[in-house]
Amino acid sequence: MINYNELTVPQATIIQKELKDTVKITPYNGPLNYVAGADISFNKFSTTVYAGIVMMEFPSMKPVGYSLVKKEVLFPYVPGFLAFREVPALLDAWAQLPLKPDILVVDGHGIAHPRRMGIASHFGVLAQQPSIGSAKKKLFGMYEEPGMEKGSYTPLTDKQRQQLGNVLRSKSNVKPVFVSPGHLIDVPGSTEILMQCIKGYRLPEPTRLAHNAVNQFRTGIVPEGWTSL
DNA sequence: GCGACAG
DNA sequence: ATCTTGTCGC
């Protein structure tokens, strides 16, 4: 694999355009007994990132364990190129998993990206893993505000009206979340599965718990490695 | 030129 | 993303 730490943004753009053709948006019909959430944490101004993947049963959303790993990252945060900062560390955490989930939920967008290559799609292609992107803010596309009631959602599209995902009200009277397929799944499927991952909070359990885990890891509350719960 | 801009 | 206290509303 290429060393992302030595890439320039123009070079990263070329890589995204090449990987774009390998992303497969199709209905997911495989088993659905385990889902996992992936996220990254870091101290401001530091080049050390703390990556984590939390494994959980589906649809109970009971966590069964988590993989935590630390890594040095030099590629800067540039909107549209998040994958070049976080994917390498996430792949290390992924390799450390004793079992792989049926679906992986990544904190960020899937195909709802300028070149259809958000972090969820990027990771999905490299790991050859069905993935869903779940973001807290829009990066690309247009949409109408969904109803204020939990469960309401509207399509997120490009200017040609091609649907890239959905804007979902995961909790009543709270800002919506942006869902889009990453790889080996489609828009309806990613939206349906993500809705089942919501358990009373604005953010779906996979990324919510992954976020908590990487922060505890960063602050030294929990150790690096795989931990069974 | 101006506004937008995942984490 | 991270830092960080109080405050508003269900």
Side-chain angles (χ1 to χ4, degrees), chain A residues 4-5 9 12-13 15-16 19-20 23 37-54 68-91 93 104-125 131-143 145 147-150 156-159 164-183 190 194 200-204 206-221:
Chain A
Y4 288 174
N5 280 332
V9 170
T13 303
I15 292 177
Q16 291 184 326
L19 290 179
K20 174 184 178 182
V23 175
D39 193 20
I40 292 285
S41 178
F42 57 86
N43 289 310
K44 200 172 183 179
F45 305 131
S46 170
T47 56
T48 301
V49 299
Y50 301 80
I53 295 178
V54 177
L68 301 171
V69 67
K70 187 169 61 175
K71 196 180 186 69
E72 291 304 302
V73 176
L74 300 182
F75 197 93
Y77 167 67
V78 179
F81 299 88
L82 177 64
F84 294 88
R85 249 183 88 69
E86 309 192 343
V87 165
L90 288 179
L91 284 174
L104 175 70
V105 180
V106 182
D107 187 17
H109 296 281
I111 61 172
H113 177 281
R115 289 167 293 286
R116 311 295 183 274
M117 278 304 299
I119 187 171
S121 297
H122 198 125
F123 183 95
V125 166
S131 60
I132 296 173
S134 175
K136 298 177 287 299
K137 300 176 183 175
K138 183 193 76 170
L139 167 65
F140 178 82
M142 33 196 290
Y143 68 97
E145 191 71 14
M148 292 304 284
E149 192 74 354
K150 174 183 178 180
L156 176 62
T157 73
D158 61 18
K159 286 191 174 181
L164 304 174
N166 279 310
V167 182
L168 171 68
R169 191 76 66 184
S170 52
K171 183 175 182 179
S172 296
N173 307 311
V174 167
K175 297 203 307 178
V177 293
F178 300 76
V179 198
S180 61
H183 186 47
S190 56
L194 199 79
Y201 294 87
R202 179 200 175 209
L203 302 181
T207 54
R208 192 177 73 80
L209 296 186
H211 188 269
N212 291 338
V214 292
N215 277 320
Q216 297 199 328
F217 174 34
R218 178 172 60 81
T219 54
I221 299 176

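Since this is a predicted model, take the numbers as computed values, not measurements. So that the names make sense, note that chain A is the first sequence line, chain B the second, and so on, each numbered from 1.
The pair A:Arg169-A:Glu145 meets the salt-bridge criterion, since a charged nitrogen lies less than 4.0 angstrom from a carboxylate oxygen. A salt bridge links A:Asp158 with A:Arg116: at least one charged nitrogen is closer than 4.0 Å to a carboxylate oxygen.
In this structure, A:Arg85 forms no cation-pi arrangement with A:Tyr77, as its terminal cationic atom is not both closer than 6.0 Å to the ring centre and no more than 45° off the ring axis.
Nucleic acid contact for A:Phe81: base, since at least one base atom lies under 4.0 Å from a heavy atom of the residue. Residue A:Asp39 is classed as a sugar-phosphate contact, given heavy-atom separations below 4.0 Å to backbone atoms only. In this structure, A:Ser172 reaches neither bases nor backbone, as no heavy-atom distance under 4.0 Å exists between it and the strands shown. If you check every strand for non-hydrogen atoms under 4.0 Å, A:Gly133 touches nothing. Contact annotation for A:His211: backbone-only contact, meaning every heavy-atom pair under 4.0 Å involves sugar-phosphate atoms and none involves a base.
OP1 or OP2 of C:dC3 sits under 4.0 Å from a side-chain N or O of A:Arg218. The side chain of A:Lys136 contributes no N or O atom lying less than 4.0 Å from OP1 or OP2 of B:dA6. Dashed line: the shortest gap from a side-chain N or O of A:Asn215 to OP1 or OP2 of C:dT2 is under 4.0 Å.
If you take NZ of A:Lys138 and P of B:dG7, they are 13 Å apart, rounded to a whole angstrom. The nearest whole Å value for the distance from the CZ atom in A:Phe140 to the C1' atom in B:dC5 is 12 Å. For the pair A:Leu164 CG and B:dA6 P, the computed distance is 16 Å after rounding to whole Å. The distance between atom CZ of A:Phe45 and atom P of C:dC3, rounded to the nearest whole Å, is 12 Å. Atom pair A:Phe178:CZ and B:dA6:P shows a separation of 10 Å (rounding to whole Å applied). Counting to the nearest Å, the P atom of C:dT2 and the NZ atom of A:Lys137 are 12 Å from each other. The nearest whole Å value for the distance from the NE2 atom in A:His113 to the P atom in B:dC5 is 14 Å. One interatomic measurement links the two molecules: CD of A:Glu86 to P of B:dA6, which rounds to 12 Å at whole-angstrom precision.
Here A:Tyr77 counts as stacked on B:dG7: its ring centre is under 5.5 angstrom from the base ring centre and the planes meet at under 30°.
Distances were taken from every side-chain heavy atom of A:Leu82 (C-beta onward) to each of B:dC5, B:dG7, C:dT2; the shortest belongs to B:dG7. For A:Ile119, taking side-chain heavy atoms from C-beta onward, the closest of the listed nucleotides B:dG7, B:dC5, B:dA6 is B:dA6. Of the candidates C:dT2, B:dG7, B:dA6, the closest approach to any side-chain atom of A:Lys44 belongs to C:dT2.
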**Message:** Would A:Phe123 and A:His183 count as a ring pair (Phe, Tyr, Trp, His ring centres under 6.0 Å) here? Give the steps.
**Reply:** CA-CA 8 Å; A:Phe123 183 95; A:His183 186 47; over 10 Å; no
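Residue A:Phe42 is the one, among A:Asn173 and A:Phe42, whose nearest nucleotide of DNA chain C lies closer to the 5' end (criterion: closest heavy atom).
If you check the side chains of A:Ser41 and A:Asn215, you find a donor sitting under 3.5 Å from an acceptor.
Taking the side chain as every heavy atom from C-beta outward, A:Asp107 and A:Ile40 never approach each other to under 4.5 Å.
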